[in-house]
Amino acid sequence: MKEFTYTVKNETGLHTRRAGLLAMQAKAFKDTDITVSAEGRTVRTSQLMRLISMGIKRGSRVTVAAEGPQENDAIDIARNFFEYYL
């Protein structure tokens, strides 16, 4: 399992559009489970409504984890996503 922790810098946080983009990117890794954890909750990136309902906003500290055969590539894509969009 690979993971990283990130503090959200973007003022609008992980809103609907960005959560949808993250979910679309994660679909490329069908055999790898990618999760986002914040404030004691953990949600798969494929669970779009739950991801949005986490209320991730500026200053939120999130941990993103990937587990599966493509975890190295998945965690790199997720890290790039968070650094670029959030």
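Every heavy atom of this structure was used, including side-chain atoms; hydrogens, water molecules and symmetry mates were not.
- Residues passing the side chain to side chain donor-acceptor pair (under 3.5 Å) test with Ser46, sequence neighbours excluded: none.
- Checked against side chain to side chain donor-acceptor pair (under 3.5 Å), Ser60 has no partners two or more places apart in sequence or in another chain.
- Rounding to the nearest 0.5 Å gives a distance of 7.5 Å between OG1 of Thr45 and CG of Leu51.
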Could you give the side-chain donor-acceptor pairs of residues 22-38 under 3.5 Å, partners two or more places apart or in another chain?
from: Thr32; atom 1: OG1; to: Gln70; atom 2: N; distance (Å): 3.0
from: Asp33; atom 1: OD1; to: Arg44; atom 2: NE; distance (Å): 3.2
from: Asp33; atom 1: OD2; to: Arg44; atom 2: NE; distance (Å): 3.4
from: Ser37; atom 1: OG; to: Thr42; atom 2: OG1; distance (Å): 2.8

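- Distance alone, capped at 3.5 Å, places no donor-acceptor pair between the Tyr6 side chain and the Arg61 backbone.
- Here Glu71 contributes atom CD and Met1 contributes atom CE; the two are 8.5 Å apart, rounded to the nearest 0.5 Å.
- Pairs of residues two or more places apart, or lying in two chains, never qualify as side-chain hydrogen bond (donor to acceptor under 3.5 Å, both in side chains) while including a residue from residues 73-86.
- Cluster partners of Leu48, using a side-chain heavy-atom cutoff of under 4.5 Å among ILVMFWY residues and allowing indirect links, are Met49, Ile52.
- Residues satisfying the side chain to side chain donor-acceptor pair (under 3.5 Å) test with Arg58, not counting sequence neighbours, are none.
- The heavy-atom pair separating Arg50 from Val43 by the smallest distance is CB-CG1, 3.7 Å.
- The closest side-chain heavy-atom distance from Ile75 to Phe4 is below 4.5 Å.
- Heavy-atom neighbours of Arg17 CZ from other residues, nucleotides or ligands within 6.0 Å: at or below the threshold of 12.
- Put simply, CD on Glu39 and CD1 on Ile56 are 8.0 Å apart, with the number rounded to the nearest 0.5 Å.
- Residues Thr12 and Arg18 are in side-chain contact: their nearest non-hydrogen atoms beyond the backbone lie under 4.5 Å apart.
- Side-chain contact between Val64 and Glu3: absent, with no pair of heavy atoms (C-beta onward) separated by less than 4.5 Å.
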